[in-house]
J.: 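Can you read through this structure? Questions will come right after.
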2 protein chains.
Amino acid sequence: MKPTVHDIARSAGVSLATVDRVLNGRPGVRHVTRERVEQAISVLGYVRDVAAANLAKGRTYSFTFVLPNYDNSFMIGIRDEVEAAVSRSGAERTQIRIVEVPPFDAQVLADALDRIALDMPDGVAFVAVEGDEVHASVARLKEAGIAVATLVSDLPGSERDHFAGIDNNAAGRTAANLLGRFAGGRDGRIAVIAGSMLVRDHRERLEGFLAVMGDDFPRLTVLPVMEARDDPTLAAEVVSAALGHYCDIIGLYSLGAGNRGIAHALRQVPPDARPVVVAHELTNTTRAALAEGLIDAVLNQDAGHEVRSAIRVLKGKADGLPVIAAQERIRIDIFLKDNMP
Amino acid sequence: MKPTVHDIARSAGVSLATVDRVLNGRPGVRHVTRERVEQAISVLGYVRDVAAANLAKGRTYSFTFVLPNYDNSFMIGIRDEVEAAVSRSGAERTQIRIVEVPPFDAQVLADALDRIALDMPDGVAFVAVEGDEVHASVARLKEAGIAVATLVSDLPGSERDHFAGIDNNAAGRTAANLLGRFAGGRDGRIAVIAGSMLVRDHRERLEGFLAVMGDDFPRLTVLPVMEARDDPTLAAEVVSAALGHYCDIIGLYSLGAGNRGIAHALRQVPPDARPVVVAHELTNTTRAALAEGLIDAVLNQDAGHEVRSAIRVLKGKADGLPVIAAQERIRIDIFLKDNMP
DNA sequence: AATTTTCTGATTTACGTACCTCAAAAACTG
DNA sequence: CAGTTTTTGAGGTACGTAAATCAGAAAATT
């Protein structure tokens with residue numbers, strides 16, 4: 001039978017109250033007594049029943065998620081996952097509030113964070129936009145003792161406790177590896193289409209991509225990046241234009257959103273003249289494009305994992321626990337048409 | 001504030017005991033009263049506090065895992081994960097026992113299952129070996145009201161409740177897709193090395209692999225499968241022999257274990273003459289080989305996910321709950337050197 | 001109408017922990 | 001030594017649910 005606090009008390013020859021004081025780091029226990037209790041704990045192999053402890057504590061965690069009101073499938077996925085967490089929040093003794101802000105605006109984000117700080121939640125998670133104002137707001141949140149995590153897009157150098165997202169440089173490198181190998185030793189051009197170079201994750205993906213392309217695939221020429229602001233219509237135009245202008249584009253890396261437009265543009269090209277395509281995020285669009293053969297590989301970050309990781313970390317930080325890095329690392333998933341979930 | 005059973009009782013105008021009867025499906029409640037209570041539950045949005053319920057129930061689940069005492073890295077990984085679950089088992093109100101059996105022996109496995117049935121655990125998980133004896137033992141377990149799940153290798157057509165493992169046919173198809181594309185349109189031969197065609201997962205991988213190879217990559221010729229019984233030494237020999245015999249082997253699919261031997265054999269070949277290699281399971285060996293460039297891609301099934309999924313399902317089955325298929329699907333992970341976790 | 005059966009209510013105990021109070025004991029002060 | 005402070009014990013209540021008992025009410029049966 002699992003030992004309980006009562007067993008510890010009996011074994012250490014102290015009262016329940018003393019065990020409780022030791023377990024919860026409360027003052028008023030002599031050093032020798034404390035050691036006797038700790039001894040008993042380790043001998044009996046006592047582990048606190050977290051469920052019972054939480055029940056007794058009745059503690060609830062309040063978190064706020066700041067998300068861009070940005071309607072690409074991936075962000076919708078993130079929002080859905082946060083909302084799913086909200087609906088589970090009762091069972092998990094957490095109370096999660098969602099605040100929406102316009103995307104790509106550092107000042108608005110900073111203001112939102114400052115406003116949230118007034119409510120004194122236990123933790124805040126947000127999709128970072130770079131800017132000094134944001135750094136300052138994060139510093140103020142930490143100052144107020146609020147746990148802070150960035151989601152999807154990071155804010156390095158700030159005082160955030162944790163980043164719940166993928167290594168975007170590695171993602172870019174993976175994309176280059178796949179694209180280069182799928183191109184199969186042929187010479188030709190590679191088109192890259194991004195959302196905006198002002199966004200950190202897109203910049204990092206490009207960096208990684210270019211590094212591997214340059215080192216490992218010298219026979220492939222990467223064209224200058226085209227920015228389509230994650231807009232399907234714009235993306236379709238840009239891709240069509242590029243494919244029309246160069247006849248030797250054998251690869252396409254879509255490192256942002258707007259894949260619906262890209263798929264549309266590709267569909268206009270005869271199947272045997274289509275480039276190899278690597279895109280990001282498994283959405284309905286990319287899933288269908290994979291199945292159809294328009295896209296050859298999709299790199300994915302699991303929105304559900306990211307959101308749950310952020311919550312776990314915020315909870316831990318609120319309790320002053322350290323982050324177990326290995327457990328919170330978000331993987332870069334690769335999907336081909338054959339291993340789609 | 002979250003509603004509790006007390007709120008339900010008050011709102012429905014019944015006593016706590018009646019609410020309890022409704023919630024736990026106990027008899028002794030009139031139809032109309034039951035409906036009033038259910039009404040109140042849905043109006044107030046009551047959700048049972050599982051932690052408190054488990055605490056009150058004091059129920060513990062007893063499960064037995066039957067694992068082959070088979071010393072390849074992947075099986076060791078599975079064992080480690082089960083043991084990790086054992087060490088967590090206190091906190092999760094589960095009691096897990098591990099039984100080891102020699103691999104590939106249906107009769108021994110069946111006997112072990114029969115012996116386990118005598119202890120009447122709540123659930124059993126095992127790595128299946130095919131055989132009528134095993135089917136019969138599974139039927140007897142189910143007869144005794146014990147939940148049954150297969151792990152890693154399935155036993156289709158049996159009465160098992162669940163299979164916690166990957167779709168091995170899809171894995172084979174994925175391997176073919178990667179290998180075919182990495183080979184880059186060249187002509188040549190593909191070598192396939194397996195553990196044993198007597199094991200279902202290896203057979204299924206091969207099937208999927210051959211299907212895609214035949215359909216999508218007609219310029220590649222797949223050599224007859226070499227069986228190396230998952231033994232590194234034997235695998236090294238077989239691969240060396242094959243590479244020596246044919247000079248146009250441009251691809252190698254290792255669909256079983258023994259990759260240490262294969263890596264060793266590959267290292268003897270000059271780098272630019274090495275075939276493209278796809279292997280299974282991310283272990284220390286394959287991880288190093290990926291980094292070194294000996295292996296180009298690794299398909300992986302996450303042992304931790306599989307074990308946890310099996311436990312979740314057994315727990316659910318023990319409580320008579322249905323399996324949420326989507327949640328329990330084990331993904332086929334693809335790792336290149338750039339996206340290793 | 002009397003009896004049996006089926007429901008329902010009220011109440012209690014328990015699960016393992018947290019946290020509180022109050023009193024008693026022990027350990028230090030000067 | 002008395003006085004003060006610190007440490008400890010004993011006991012209780014609470015968290016939300018499960019499960020049991022027993023008595024009483026309502027319904028169904030005779």
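Within every chain, numbering begins at 1; the chains are lettered A, B, ... in the order of the sequence lines, protein sequences first and strands thereafter. Note that this is a predicted model, so its numbers are computed, not measured.
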J.: If you check the A:Ala53 side chain, which of C:dT17, D:dT17, D:dA18 turns out closest?
T.: C:dT17

J.: Any donor and acceptor pair, going by atom type alone, linking the side chain of B:Arg97 with main-chain N or O of B:Thr64 inside 3.5 Å?
T.: no

J.: Counting distance only, does the side-chain N/O of B:Asp119 pair as donor-acceptor with the main-chain N or O of B:Pro121 below 3.5 Å?
T.: no

J.: Give me the distances for all protein-to-nucleotides 28-30 of chain D N/O pairs that come in under 3.5 Å?
T.:
none

J.: Without decimals, in angstroms, what is the distance between B:Asp49 CG and C:dG16 P?
T.: 16 Å

J.: Using a 4.0 Å heavy-atom cut-off across all strands, classify B:Gly28 as base, sugar-phosphate, or nothing.
T.: base

J.: Under the side chain to side chain donor-acceptor pair (under 3.5 Å) test, which residues partner B:Thr33, sequence neighbours left out?
T.: none

J.: Taking side chain to side chain contact (heavy atoms under 4.5 Å, CB included) as the criterion, tell me which of B:Arg331, B:Glu306, B:His305 meets it with B:Ile166.
T.: B:Glu306

J.: I'd like a list of close polar pairs between nucleotides 22-26 of chain D and the protein, N/O only, cut-off under 3.5 Å.
T.:
none

J.: Sort by first number and list every stem of DNA chain D: at least 3 consecutive Watson-Crick or G-U wobble pairs, both distances under 3.5 Å.
T.: C:1-30 with D:1-30

J.: Taking for each residue the nucleotide of DNA chain C with the nearest heavy atom, is it B:Ala56 or B:Val32 whose nucleotide lies nearer the 5' end?
T.: B:Val32

J.: Could you tell me how far apart B:Arg36 (CZ) and C:dC7 (P) are, to the nearest whole angstrom?
T.: 15 Å

J.: Over all strands shown, is A:Asn24 touching base, sugar-phosphate only, or nothing at heavy-atom distances under 4.0 angstrom?
T.: sugar-phosphate

J.: List in chain and number order the residues that pass side-chain contact (heavy atoms from CB on, under 4.5 Å) with B:Asp111, two or more places apart in sequence or in another chain; answer none if no residue qualifies.
T.: B:Gln107, B:Arg115

J.: Name all residues meeting the side-chain contact (heavy atoms from CB on, under 4.5 Å) criterion together with A:Ala136; count only those two or more places apart in sequence or in a different chain, and write none if there are none.
T.: A:Arg140

J.: Using a heavy-atom distance cut-off of less than 4.0 Å, which residues of residues 8-20 of chain A contact DNA chain C?
T.: A:Asp20

J.: Within the 4.5 Å heavy-atom criterion, are A:Phe126 and A:Ile116 side-chain neighbours or not?
T.: no

J.: Got a sec, which pairs hit salt bridge (charged side-chain N to carboxylate O under 4.0 Å, His left out) with one end in residues 72-83 of chain A, sequence neighbours left out?
T.: A:Arg79-A:Glu100, A:Glu81-A:Arg308

J.: So if I take every side-chain heavy atom of B:Leu55 and compare against C:dG16, C:dC19, C:dT8, which nucleotide ends up nearest?
T.: C:dG16

J.: Provide, to the nearest angstrom, the distance between the CG atom belonging to B:Leu23 and the C1' atom belonging to D:dT17.
T.: 9 Å

J.: Can you tell me the distance, in whole Å, between the CZ atom of B:Arg34 and the C1' atom of C:dC7?
T.: 11 Å

J.: Would you please name every residue forming a side-chain contact (heavy atoms from CB on, under 4.5 Å) with A:Asn54, sequence neighbours left out?
T.: A:Val50, A:Lys57, A:Arg93

J.: Who passes side-chain contact (heavy atoms from CB on, under 4.5 Å) against A:Arg329, sequence neighbours left out?
T.: none

J.: Rounded to the nearest Å, what distance is computed from the CD1 atom of residue A:Ile41 to the P atom of nucleotide C:dT17?
T.: 10 Å

J.: Do the side-chain N and O atoms of B:Ser309 and B:Glu328 include a donor-acceptor pair separated by under 3.5 angstrom?
T.: yes

J.: Between B:Lys57 (NZ) and C:dG16 (P), how many Å, whole number?
T.: 15 Å

J.: Examine distances only and state if a side-chain atom of A:Glu281 and a backbone atom of A:Gln301 form a donor-acceptor pair shorter than 3.5 Å.
T.: yes

J.: Please list all pairs meeting salt bridge (charged side-chain N to carboxylate O under 4.0 Å, His left out) that have one or both residues in residues 148-167 of chain A, counting only residues at least two apart or in different chains.
T.: A:Lys142-A:Asp161, A:Asp154-A:Arg160

J.: Look at A:Arg48 and C:dA18 and indicate whether a side-chain polar atom (N or O) is within less than 4.0 Å of OP1 or OP2.
T.: yes

J.: Among all residues two or more places apart in sequence or in another chain, which pass the ring-ring contact (aromatic ring centres under 6.0 Å, His included) test with A:Tyr46?
T.: none

J.: Between C1' on D:dA10 and NE2 on A:His6, what's the gap in Å once rounded to a whole number?
T.: 12 Å

